[in-house]
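Worksheet for the structure shown next.
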Amino acid sequence: SLIALGVHHWLKQGAISGALLTADGVLAVGFLALAIRYASLWIGAAMLLQAGQFSLHAWYLVSGLERDRLYAIANNVVTLGILVCILVGTLISWRRRTRAAQTA
């Protein structure tokens, strides 16, 4: 994401993990608020994936592990899953609104 690119560009190596953990926590809380507000399964799925990404960052930060190939793969797969959830949810919502407009 753009936030992660900015974090890697502007922060020193030691502060990157904390910044990414904070950004993931904020995104997970945002998805939680949206999931509660709209009671949508796709937003809930995106929220759970974001919580998993938060856990991944927390695990590497607390354990003091260096980011390795497993980290990169897990991070990219979870990010792709979040984007797919958002895309599918958007397409479903768009389709419902189009059908509602055609019947009206």
Side-chain angles (χ1 to χ4, degrees):
S1 76
L2 293 176
I3 294 172
L5 288 174
V7 164
H8 285 285
H9 181 69
W10 288 305
L11 293 179
K12 294 179 183 177
Q13 188 64 29
I16 289 175
S17 294
L20 290 175
L21 186 65
T22 302
D24 285 337
V26 169
L27 284 171
V29 170
F31 281 137
L32 175 62
L34 289 173
I36 290 171
R37 168 67 175 93
Y38 295 106
S40 173
L41 290 177
W42 66 271
I43 294 175
M47 177 201 65
L48 290 174
L49 287 168
Q50 187 63 43
Q53 193 161 34
F54 177 83
S55 299
L56 174 71
H57 288 304
W59 178 38
Y60 272 78
L61 178 66
V62 170
S63 300
L65 299 172
E66 292 292 322
R67 291 184 209 107
D68 54 2
R69 184 178 293 239
L70 175 64
Y71 173 87
I73 291 170
N75 191 33
N76 289 338
V77 167
V78 170
T79 300
L80 181 64
I82 292 168
L83 293 174
V84 167
C85 286
I86 292 171
L87 177 65
V88 168
T90 301
L91 292 175
I92 290 170
S93 178
W94 184 21
R95 186 174 167 188
R96 283 183 187 161
R97 288 182 184 175
T98 302
R99 282 187 180 172
Q102 288 174 352
T103 58

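Worth saying up front: this structure is predicted, and the values here are computed from it rather than measured.
- Tracing side-chain contacts under 4.5 Å through hydrophobic residues (I, L, V, M, F, W, Y), one never reaches Val77 starting from Leu70; they form parts of separate clusters.
- Considering all non-hydrogen atoms of both residues, Gly81 and Leu49 come closest at C-CD1, 3.5 Å.
- There is a path of hydrophobic side-chain contacts, each under 4.5 Å, that joins Leu65 to Tyr71.
- Put simply, CD on Gln50 and CD1 on Ile43 are 13.5 Å apart, with the number rounded to the nearest 0.5 Å.
- With hydrogens and angles disregarded, no donor-acceptor distance shorter than 3.5 Å links the side chain of Ser63 to the backbone of Tyr60.
- To the nearest 0.5 Å, the span separating NE2 on His57 from CZ on Phe54 amounts to 9.5 Å.
- At distances below 3.5 Å, not a single donor-acceptor pair connects side-chain atoms of Ser93 with backbone N or O atoms of Gly89.
- The number of heavy-atom neighbours closer than 6.0 Å to CG of Leu41, taken from other residues, nucleotides and ligands shown, is 12 or below.
- Here CH2 of Trp42 is found 10.0 Å from CG of Leu91. Values are rounded to the nearest 0.5 Å.
- Atom CG of Leu87 is separated from atom CD1 of Ile82 by 13.5 Å, given to the nearest 0.5 angstrom.
- Note on Val78: it does not cluster hydrophobically with Val84, by side-chain heavy-atom contacts below 4.5 Å among ILVMFWY residues.
- Taking 4.5 Å as the limit, every side-chain heavy atom of Asn76 sits out of range of all side-chain heavy atoms of Leu80.
- Hydrophobic clustering, with ILVMFWY side chains joined whenever heavy atoms are under 4.5 angstrom apart, keeps Leu48 apart from Val26.
- Considering every non-hydrogen atom in both Cys85 and Ala45, the closest pair reads SG-CB, 3.7 Å.
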